[in-house]
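What follows is a short report on a single structure.
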Amino acid sequence: MAMSMGYYGDTAMKKIPSGGVGGRYDVPEGVDIRGRYDEEFAKILTKDALVFVAALQREFRNHVKYAMECRKEANMRYNSGGLPGFDPATKNVRDGDWVCAEVPPAVADRRVEITGPVERKMIINALNSGAKVFMADFEDALSPTWENLMKGQVNLKDAVNGTISFQDKARNRVYKLNDQTAKLFVRPRGWHLPESHIFIDGEPAIGCLVDFGLYFHHNHTAFRKTQGQGYGPFFYLPKMENSREARIWNNVFDRAEKLAGIETGSIRATVLIETLPAVFQMDEILYELRDHSVGLNCGRWDYIFSYVKTFQAHPDRLLPDRVLVGMGQHFMRSYSDLLIRTCHRRGVHAMGGMAAQIPIRDDPEANEAALELVKKDKLREVRAGHDGTWAAHPGLIPAIMEVFTSNMGNSPNLIETMKREDAASLTEEDLLQIPRGVRTIEGLRLNTRVGIQYVAAWLTGTGSVPLYNLMEDAATAEISRVQNWQWLKYGVELDGDGLGVRVTPELFGKVVEEEMARIEREVGRERVKRGMYKEACKLFTRQCTAPVLDDFLTLNAYNHIVVHHPKGPSKL
Ligand SMILES: CC(=O)SCCNC(=O)CCNC(=O)[C@H](O)C(C)(C)COP(=O)(O)OP(=O)(O)OC[C@H]1O[C@@H](n2cnc3c(N)ncnc32)[C@H](O)[C@@H]1OP(=O)(O)O
Ligand SMILES: O=CC(=O)O
Ligand SMILES: [Mg+2]
């Protein structure tokens, strides 16, 4: 039997600190766990679970590698002037008269969904929040440290079993589940992210197969009984660019169902349309997943990021200030309208996206203004025909619920009543239209201030943070990064300031310096010293000034949070 080294490795015969352990994971042949050993984690990393994850990895790794190569090829086409568009080869799928499998009764009504990282207290709060669905996030909202990932799996298992609790000693408060809770969806990481604490046949595991595999293995039986009314588990699938990636997920689901001995179509997933190429593949994605689909979602923040990434070599398509790229822009409205039309035509939910505003506790007037913005955004969504939407914070749920409920009539969703045939005439030009607005030095400053603080949080294990009264996560931080990169690359004129200043490396260097000083004033010198702000600043600045745009902020930063035991930080 193969054994994997734990926290203290083979030579560690010394006293084991309390709370720590000197054990080893019992692993199958070819699997090597390089993350810290912990008795709780070992209940997740059982041999059976690892056999399952390894089977998925071995069956699908080459398909994933090929799909990632195809992404690169598509990028090269865009970088040589090509535009994404509808694929003539799959016209028959778009024109065909087919529908997805029926929506499971357990998730017919999804009018408000709360999202959040897989952190213990937040899971309980989210499940108790009054939302219809809770999307537990291993992706945009989570820094994928070994501790976060493994604790997240422990927390989800306890949540599905209904036994999760949390004691806040400082506040003398115990958190437990209510009788009625939101339905649980889990969002694994995107295809591009490795899990470098688990090696399979000598290479890092595919992150999302670890997230999916461990969660599915431990929870499918209980979930179908307690949560899914015979269906499930339910998933959200992020950042896909092409239907071939959806086909891999569909095959993963088929394989998982077979291995578990449950019916095809038990697992259900909502795909986030959050890359520009994917908006031209919505029918194709639903078609690939038609036995396992519960709709699509407008992942608006990554979508904006993807617009910049896709057009990184198109200086005629520069973005205005980040705050101006909202759902009112023609390309964003077109994307939401077409998504609704596509989903309803295929019999599934068309979910809205995340408004970034969160409650502002210490300023009632500003709080009221933020709430009004959220309500306006949600009203636009429900009137357009979205069947539900996302909330970033429990404090927003009553207002959002009210907006959706008072505009939906008595039905649990709008699938049959809002067909949006008018959106059938939307064209490639509509979906690609250049966003309008000005660029300002304050836009550059805000991107920099937010980007650095987000990366500093991420490097210390926090993947979603409140900054300047907005929710920031990996997707919103990506916009800040790529926008700075784009403005620097093309030396754009900051036309909103009336001064005709151009963004140069010198100007950016000065902005970084001044914004770091401002961050220090805001959060305090001590916190800057103790935190990872300097490292974050270096990393963010390097990414903004890189000659070639890095694919993902988090992929580039990942090496900083990989900790191999007992050897120390990874040198991958
Ligand atoms: C682009 C995208 O991908 S969007 C999806 C991914 N992003 C997310 O999921 C972000 C989710 N939201 C959050 O992480 C948080 O709301 C933040 C970081 C933005 C703000 O968090 P905080 O500053 O801690 O909020 P705040 O202090 O107001 O929290 C008040 C209470 O609400 C809870 N809470 C806040 N947000 C959430 C949430 N999303 N889910 C559950 N509970 C939450 C807190 O745990 C806290 O509970 P307590 O009173 O029992 O201690
Ligand atoms: O995942 C959601 C997004 O907006 O990005
Ligand atoms: Mg996203």
Side-chain angles (χ1 to χ4, degrees), residues 112-131 133-143 155 159 166-168 170-176 181-182 184-190 192-193 236-240 270-276 278 296-307 309 325-327 332 335-336 339 351-362 367 370 374 377 389-397 400 450 453-454 457-458 462-480 552-554:
V112 182
E113 302 190 335
I114 188 165
T115 70
V118 285
E119 195 241 301
R120 199 163 181 88
K121 183 180 80 171
M122 278 174 99
I123 289 177
I124 302 172
N125 280 340
L127 288 168
N128 288 344
S129 67
V133 165
F134 164 46
M135 187 202 76
D137 201 6
F138 283 100
E139 217 239 1
D140 288 336
L142 191 83
S143 166
N155 297 340
F166 174 77
Q167 191 177 12
D168 183 341
R171 290 155 78 193
N172 193 23
R173 187 170 163 194
V174 177
Y175 292 74
K176 286 202 168 112
T181 57
L184 182 65
F185 278 57
V186 169
R187 177 162 74 171
R189 283 167 281 182
H192 59 286
L193 289 166
Y236 256 103
L237 302 176
K239 292 189 176 58
M240 287 197 262
T270 299
V271 172
L272 288 132
I273 298 300
E274 53 180 357
T275 66
L276 194 61
L296 303 176
N297 169 299
C298 279
R300 59 171 79 163
W301 301 103
D302 267 315
Y303 193 72
I304 299 168
F305 156 49
S306 176
Y307 188 95
K309 192 154 88 166
V325 192
M327 296 309 294
M332 295 297 278
Y335 137 72
S336 148
L339 182 141
M351 301 302 297
M354 184 65 93
Q357 291 79 15
I358 47 177
I360 305 169
R361 256 181 263 133
D362 50 3
N367 188 47
V374 173
D377 179 58
T389 191
W390 276 11
H393 191 286
L396 301 170
I397 290 175
I400 300 179
V450 164
Q453 290 182 84
Y454 179 76
W458 194 90
T462 301
S464 60
V465 282
L467 284 175
Y468 309 108
N469 301 327
L470 296 177
M471 180 277 301
E472 297 286 345
D473 68 5
T476 61
E478 283 286 27
I479 304 173
S480 295
F552 291 97
L553 168 65
T554 49

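For the numbers below, each heavy atom of this structure counts, side chains included, while hydrogens, waters and symmetry mates do not. First listed ligand is number 1; within each ligand, the first listed atom is number 1.
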*Answer whether the closest heavy-atom distance between the side chains of Glu113 and Thr270 falls below 4.5 Å.*
no
_Under-4.0 Å heavy-atom contact with ligand 1, by part of Met122 that carries it_ = both
*With atoms numbered from 1 as shown, which atoms in ligand 1 lie under 4.0 angstrom from a non-hydrogen atom of Tyr175?*
48 (P), 50 (O), 51 (O)
*Are Val271 and Met240 close enough that some pair of their side-chain heavy atoms sits under 4.5 Å apart?*
yes
_Nearest non-hydrogen protein atom, atom 34 (N) of ligand 1_ = Pro394 CD, 3.5 Å
*For Thr476, does its backbone N or O pair with a side-chain atom of Asp473 as donor and acceptor, under 3.5 Å?*
yes
*Does any non-hydrogen side-chain atom of Arg187 lie less than 4.5 Å from one of Leu272?*
yes
_Protein residue, atom and distance nearest to atom 4 (O) of ligand 2, heavy-atom basis_ = Trp301 N, 2.9 Å
_For atom 31 (C) of ligand 1, is there a protein heavy atom at a distance under 4.0 Å?_
no
_Heavy atoms only: which of Arg171, Glu478, His393, Glu472 lies closest to atom 29 (O) of ligand 1?_
His393
*Nearest non-hydrogen protein atom, atom 19 (C) of ligand 1*: Met471 CG, 3.6 Å
*Close side-chain approach of Arg189 and Leu142, heavy atoms under 4.5 Å*: no
*Location of contacts on Glu139 toward ligand 1, heavy atoms closer than 4.0 Å*: neither
*asked:* So, 4.0 Å and heavy atoms of Arg187: is ligand 1 close enough to count as a contact?
replied: yes
*For the pair Trp301 (side chain) and Met354 (backbone), establish whether a donor and an acceptor sit closer than 3.5 Å, ignoring hydrogens and angles.*
yes
*Identify the heavy atoms of Ala131 and Ala182 that sit nearest to each other, and give their distance.*
O-CB, 3.3 Å
*Identify whether the distance between the nearest side-chain nitrogen and carboxylate oxygen of Glu139 and Lys239 falls below 4.0 Å.*
yes
*At what distance is the nearest protein heavy atom to atom 27 (O) of ligand 1, and which residue and atom is it?*
Arg361 NH2, 2.3 Å
*Arg120, portion touching ligand 1 at heavy-atom distance under 4.0 Å*: neither
*Do any N/O atoms on Asp140 end up under 3.5 angstrom from N/O atoms on ligand 2?*
yes
*Using a strict 4.0 Å cut-off to heavy atoms of Asp137, name the atoms of ligand 1 that fall inside it.*
6 (C)
*In ligand 2, which numbered atoms sit nearer than 4.0 Å to a non-hydrogen atom of Ala475?*
5 (O)
*Any N/O/S atom, backbone or side chain, of Asp302 lying under 2.8 Å from the Mg ion (ligand 3)?*
yes
*Is there a donor-acceptor pair closer than 3.5 Å between any side-chain N or O of Thr389 and the backbone N or O of Gly353?*
yes
*Below 4.0 angstrom from a heavy atom of Trp390, which ligand 2 atoms are there? Numbered from 1 as shown, please.*
1 (O), 2 (C)
*Should you measure from each heavy atom of Ala126, which atoms of ligand 1 turn up under 4.0 Å away?*
40 (N), 41 (C)
*Give the residue, atom name and distance (to 0.1 Å) of the protein heavy atom nearest atom 8 (C) of ligand 1.*
Thr115 OG1, 3.4 Å
*Any N or O of Lys121 that comes nearer than 3.5 Å to an N or O of ligand 1?*
yes
*Per-atom contacts of ligand 1 with Arg173, taking only distances under 4.0 Å to non-hydrogen atoms*: 50 (O)
*Asp302 contact mode with ligand 1 (heavy-atom cut-off under 4.0 Å)*: neither
*Which protein heavy atom lies closest to atom 14 (O) of ligand 1, and at what distance to 0.1 Å?*
Ser464 OG, 2.6 Å
_Check whether Tyr175 forms a cation-pi arrangement with Arg173 (NZ or CZ under 6.0 Å from the six-membered ring centre, at most 45° off the ring normal)._
yes
*If you take all heavy atoms of Pro117 and Phe134, which pair is closest and at what distance?*
O-CZ, 4.4 Å
*If we only count heavy atoms from C-beta on, is the Met471 to His393 side-chain gap below 4.5 Å?*
no
*What is the minimum heavy-atom distance between Ile124 and Lys176, and which atoms define it?*
CG2-O, 3.5 Å
*Relative to the Mg ion (ligand 3), which of the N, O or S atoms in Asp140 is the closest?*
OD2
_Under 3.5 Å: N/O of Ile358 near N/O of ligand 1_ = no
*Give the residue, atom name and distance (to 0.1 Å) of the protein heavy atom nearest atom 47 (O) of ligand 1.*
Asn125 ND2, 3.1 Å
*Do you know the tightest heavy-atom contact between Ala370 and Ile358?*
CB-O, 4.3 Å
*Under 4.0 Å from a heavy atom of Asp302: give me the atoms of ligand 2 that qualify, with their elements.*
3 (C), 4 (O), 5 (O)
_Val133 and Ile114, any side-chain heavy atoms less than 4.5 Å apart_ = no
*Report the member of Glu139, Met135, Arg187, Met354 with the shortest heavy-atom distance to atom 1 (O) of ligand 2.*
Arg187
*Take atom CG of Asp168 as the centre, draw a 6.0 Å sphere, and report whether it contains more than 12 heavy atoms from other residues, nucleotides or ligands.*
yes
*Is there a side-chain contact between Tyr236 and Phe138 (heavy atoms, below 4.5 Å)?*
no
*Which atom pair, heavy atoms only, marks the closest approach of Leu276 to Tyr307?*
CD2-CD1, 3.8 Å
*Taking only heavy atoms of Val465 into account, list the atoms of ligand 1 that are under 4.0 Å away from them.*
18 (C)
*asked:* Considering non-hydrogen atoms of the protein only, which is the closest contact for atom 1 (C) of ligand 1, and what is the distance?
replied: Asp473 OD2, 3.0 Å
_To check you understand the geometry: which heavy-atom pair defines the closest contact between Thr275 and Tyr303, and what is its length?_
O-CE1, 3.5 Å
*How far is atom 23 (O) of ligand 1 from its nearest protein heavy atom, and which residue and atom name does that atom have?*
Pro466 CG, 3.3 Å
*Numbered atoms of ligand 1 (with element) below 4.0 Å of Ala141, judged on heavy atoms*: 6 (C), 7 (N), 8 (C), 9 (O)
*Any N/O/S of Glu274 under 2.8 Å from the Mg ion (ligand 3)?*
yes
*Is there a nitrogen or oxygen of Thr476 sitting under 3.5 Å from a nitrogen or oxygen of ligand 1?*
no
*asked:* Using a 3.5 Å distance criterion without hydrogens, assess whether the side chain of Asn469 forms a donor-acceptor pair with backbone atoms of Ile360.
replied: no
_atom 3 (C) of ligand 2: nearest protein contact (heavy atom, Å)_ = Glu274 OE1, 3.4 Å
_Using a 4.0 Å cut-off to any heavy atom of Trp390, which atoms of ligand 1 qualify?_
4 (S), 5 (C)
